[in-house]
Protein chains: 2
Amino acid sequence: MTRRELDPRKEKILQVVTDDYIESAEPVGSRTIARKHNLGLSPATIRNEMADLEESGYLKQPHTSAGRIPSHRGYRYYVNILMEQKQLTNDELAFIKGEFDPKNKPAGYESILQRTAKIVSEITKYPSLILTPRPQEARFRHIHLVAMDGNHVLGLVVMDTGFVENILLETPVAYTQDELNKISAFLNSKLHGVSLGEFGTGVLNQLQTEAQSWEGLGDTLQLLLATLDRKKQDRIYVDGTINILEQPEFKQVEKFKLLLSILEEEEKLLNLMNQALQKRGLNIYIGEEINDESVEDCSMVTATYEVDGKVLGAVGVLGPTRMDYAHVVTVVDFVAKSLSNFLKEK
Amino acid sequence: MTRRELDPRKEKILQVVTDDYIESAEPVGSRTIARKHNLGLSPATIRNEMADLEESGYLKQPHTSAGRIPSHRGYRYYVNILMEQKQLTNDELAFIKGEFDPKNKPAGYESILQRTAKIVSEITKYPSLILTPRPQEARFRHIHLVAMDGNHVLGLVVMDTGFVENILLETPVAYTQDELNKISAFLNSKLHGVSLGEFGTGVLNQLQTEAQSWEGLGDTLQLLLATLDRKKQDRIYVDGTINILEQPEFKQVEKFKLLLSILEEEEKLLNLMNQALQKRGLNIYIGEEINDESVEDCSMVTATYEVDGKVLGAVGVLGPTRMDYAHVVTVVDFVAKSLSNFLKEK
DNA sequence: GTTAGCACTCTCGGTCAATGAGTGCTAACT
DNA sequence: AGTTAGCACTCATTGACCGAGAGTGCTAAC
């Protein structure tokens with residue numbers, strides 16, 4: 001539905017209703033519209049138009065004798081066609097740019113994404129979600145084994161996404177650093193460019209047969225892989241959950257509890273955010289377009305971030321269907337782009 | 001106040017009131033007590049005793065013509081003297097033991113503590129807090145520098161707490177692995193056993209002068225330290241925030257918002273939990289004994305965990321003053337001990 | 001096609017009385 | 001002297017009721 005299917009006057013009214021409702025959280029009536037925006041129309045006319053809009057499914061009434069609010073269909077039309085682009089304020093712009101200043105470079109993925117989550121939730125005043133780069137698709141760039149005391153070896157794995165993982169291994173034999181260097185070189189030659197996803201038992205078996213010359217290496221490898229496998233999971237950073245309490249629709253504890261239970265369950269969040277990766281760039285999910293039966297009357301705005309044309313993860317905002325789409329879209333889009341740039345520098 | 005300052009009958013009544021109130025969240029009246037626990041006393045007698053207890057500050061009334069609830073002083077007496085030891089149920093015991101099974105050994109500090117937080121909040125049904133081992137006091141065990149592509153060096157730092165940190169450095173010069181090995185050896189000889197806290201600019205300056213022979217090393221060192229310094233912060237893992245919504249005293253959104261804002265602010269949590277480290281073992285903070293003006297009507301139960309007699313961090317539960325102390329104390333204590341054991345195995 | 005007018009609907013806030021839980025006090029009981 | 005029955009009193013809670021206000025749909029006039 002990206003076609004203008006409504007005549008201009010109906011569009012104007014739908015837009016006004018949506019804007020007003022987003023701002024006030026109150027159903028908006030014909031009188032209010034006539035008063036606030038002088039469309040040169042009487043309340044009665046507006047009433048007629050609104051009745052039409054309700055019949056064709058763009059508006060709805062919480063109860064007779066209340067004003068109208070947009071239906072999901074109405075929001076969809078609003079978002080696709082009517083919504084006016086918003087600009088970031090100078091403050092917002094400065095804030096985001098400051099946080100993504102290349103001077104802040106070190107400090108690893110984890111803290112960058114956590115910071116990104118904080119930025120988004122602070123500006124939008126909604127809870128934010130950041131999906132980490134998908135480890136499954138990361139490729140080995142470098143493996144290094146370091147001898148520690150006794151039977152301990154520290155495995156260091158660097159992926160092409162810049163992701164660094166260290167794994168403390170207990171080995172059946174005590175290796176010298178020289179041996180480990182050889183093993184490292186061997187592993188590097190075999191694994192360079194292989195993705196964590198491809199790297200199933202097949203590759204492992206092959207490695208093991210080829211590596212029989214090193215005593216006990218098979219077991220060590222197995223351990224390395226088991227640990228790596230556990231880290232293979234995507235992660236989500238959440239921030240600003242508390243913001244949702246500012247929204248009047250969540251004043252009833254029950255509604256809020258439902259949403260919080262989702263925000264605390266990483267698995268559900270992963271489901272939500274993984275949808276976002278399917279289509280690069282910006283996405284808006286309104287109401288039941290979010291594929292989760294336990295999310296009620298919520299919408300989600302997401303944008304993917306990428307490096308060298310490769311989609312890594314996504315930045316998202318979860319809020320009530322009555323969220324300030326124009327603002328959120330602008331923020332999410334800009335932050336995702338800033339994050340992409342920031343990561344490219346590395 | 002660990003003396004029995006009340007006569008047995010008053011004690012019994014204080015205990016019954018507290019137990020009942022903890023269970024029901026409703027002020028408890030004389031009639032209820034006479035009915036439920038047959039003390040062989042009439043409501044009138046109980047009323048007299050309760051009036052005495054109120055006068056001496058152990059009980060209070062939310063309003064005239066309501067039942068009594070324990071005051072903070074009453075809770076304190078209850079916790080110190082009256083509370084009956086609870087046993088863990090078999091299910092709880094099995095659950096905890098299963099999670100701390102040494103077979104689950106790998107996977108690093110982070111995930112262990114996160115899991116611990118989950119265990120505690122799931123069993124107690126209150127939000128849980130886990131304070132990480134204090135990086136300030138960790139001592140260097142091992143430093144290793146690995147050459148990556150071009151001007152990048154990966155610094156690997158292992159602390160005696162088992163904490164492993166990796167830091168990607170951009171160096172002004174491209175080092176060969178041989179050079180790096182020498183530098184590593186040099187750093188190891190200098191830093192082994194030094195704690196992160198001691199490691200101020202003093203040590204740094206000394207290192208820099210001694211290390212002038214390596215071109216550009218000074219800057220690199222500085223960078224390494226700056227990054228390490230940023231990691232020096234204690235961390236807190238929180239889980240089960242949502243549980244607090246089950247408590248009737250947080251049904252009003254405002255109360256809940258206050259608590260949530262604390263649980264989302266790491267700095268405040270650190271303040272709270274750092275108190276716990278002062279005294280090893282179990283601690284109970286009731287009401288204003290928690291040193292934070294924004295926490296209202298809450299109590300905290302904490303227990304330290306340790307390895308080789310050295311206190312590393314603490315396990316805690318934050319709940320309403322009306323929390324089930326007996327249960328929480330048992331759980332927190334046992335989990336802290338299990339965690340200590342688990343960490344010792346490493 | 002637009003609008004004024006009007007009857008109607010529904011929510012919200014406030015008042016009022018009834019209810020019930022619980023208390024404190026006094027006087028009688030053991 | 002400690003215990004208890006009885007009674008008057010207090011206070012929060014609940015449900016019924018009412019009026020005000022916002023908004024609608026419909027009809028008839030413009």
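All values below come from the heavy atoms of this structure, side chains included, with hydrogens, waters and symmetry mates left out. To find a chain, count down the sequence lines: A is the first, B the second, and so on, and within it residues start at 1.
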Practice task
Report the C-alpha separation of A:Asp324 and A:Lys86 in whole Å, then their side-chain angles, then the decisive distance to 0.1 Å, and conclude whether the salt bridge (charged side-chain N to carboxylate O under 4.0 Å, His left out) test is met.
Solution key: CA-CA 10 Å; A:Asp324 185 349; A:Lys86 254 189 200 172; 3.0 Å; yes
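- Atom NZ of residue B:Lys257 and atom CD1 of residue B:Ile262 lie 13.5 Å apart, to the nearest 0.5 angstrom.
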Completion exercise
For DNA chain D, the expected dot-bracket line (Watson-Crick or G-U under 3.5 Å, [ ] crossing, | inter-strand) is ||||||||||||||||||||||||||||||
Handout entry: Steps toward side chain to side chain contact (heavy atoms under 4.5 Å, CB included) verdict (A:Met323, A:Ile22)
Key = CA-CA 6 Å; A:Met323 80 160 91; A:Ile22 285 177; over 6 Å; no
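- The only option from B:Ile242, B:Thr241, B:Asp239 that meets the side chain to side chain contact (heavy atoms under 4.5 Å, CB included) definition with B:Ser121 turns out to be B:Asp239.
- Within a 6.0 Å sphere centred on CD of A:Glu23, other residues, nucleotides and ligands contribute 12 heavy atoms or fewer.
- At the phosphate of C:dT2, neither OP1 nor OP2 sits under 4.0 Å from any side-chain N or O atom of A:Thr45.
- Taking OG from A:Ser56 and OH from A:Tyr77, the interatomic distance works out to 10.0 Å, rounded to the nearest 0.5 Å.
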Practice task
Give the C-alpha distance, both sets of side-chain angles, the deciding distance and a yes or no for ring pair (Phe, Tyr, Trp, His ring centres under 6.0 Å) between B:Phe256 and A:Phe256.
Solution key: CA-CA 11 Å; B:Phe256 173 68; A:Phe256 173 68; 5.3 Å; yes
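- D:dA12 atom C1' lies 6 Å from atom NE2 of B:His63, rounded to whole Å.
- For C:dT2, the OP1/OP2 oxygens have a side-chain nitrogen or oxygen of A:Arg9 closer than 4.0 Å.
- Both A:Asn48 and A:Pro27 sit near DNA chain D, but only A:Pro27 has its closest nucleotide nearer the 5' end.
- Atom-to-atom, CE of A:Met50 to C1' of C:dT3 comes out at 15 Å; the value is rounded to the nearest Å.
- Across all non-hydrogen atoms, the minimal contact from A:Leu269 to A:Val238 is CD1-CG2, 3.6 Å.
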Nucleotides 19-21 of chain C: which of its N/O atoms have a protein N/O under 3.5 Å away?
none

With 3.5 Å as the limit, what N/O pairs link the protein to nucleotides 13-18 of chain D?
none

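- Listed by residue number, there are no residues of residues 247-256 of chain A with a heavy-atom contact under 4.0 Å to DNA chain D.
- Residue B:Ile290 holds its CD1 atom at 9.5 Å from OH of B:Tyr285, rounded to the nearest 0.5 Å.
- Within a 6.0 Å radius of CG in B:Asn38, other residues, nucleotides and ligands contribute 12 heavy atoms or fewer.
- Scored by the ring pair (Phe, Tyr, Trp, His ring centres under 6.0 Å) test, A:Tyr126 finds no partners at all (sequence neighbours excluded).
- B:Tyr75 has its ring centre less than 6.0 Å from the ring centre of B:Tyr325.
- A pairwise comparison of heavy atoms in A:Asn243 and A:Lys125 identifies CB-O, 3.1 Å as the closest pair.
- Looking only at atom types and distance, the side chain of B:Asp292 has a donor-acceptor partner in the side chain of B:Ser294 under 3.5 Å away.
- For A:Ser30 and D:dT24, the shortest distance from a side-chain N or O to OP1 or OP2 is below 4.0 Å.
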If you restrict it to nitrogen or oxygen atoms, what contacts under 3.5 Å exist between nucleotides 4-7 of chain C and the protein, and what is each distance?
{"from": "C:dG5", "atom 1": "O6", "to": "A:Arg47", "atom 2": "NH2", "distance (Å)": "3.3"}

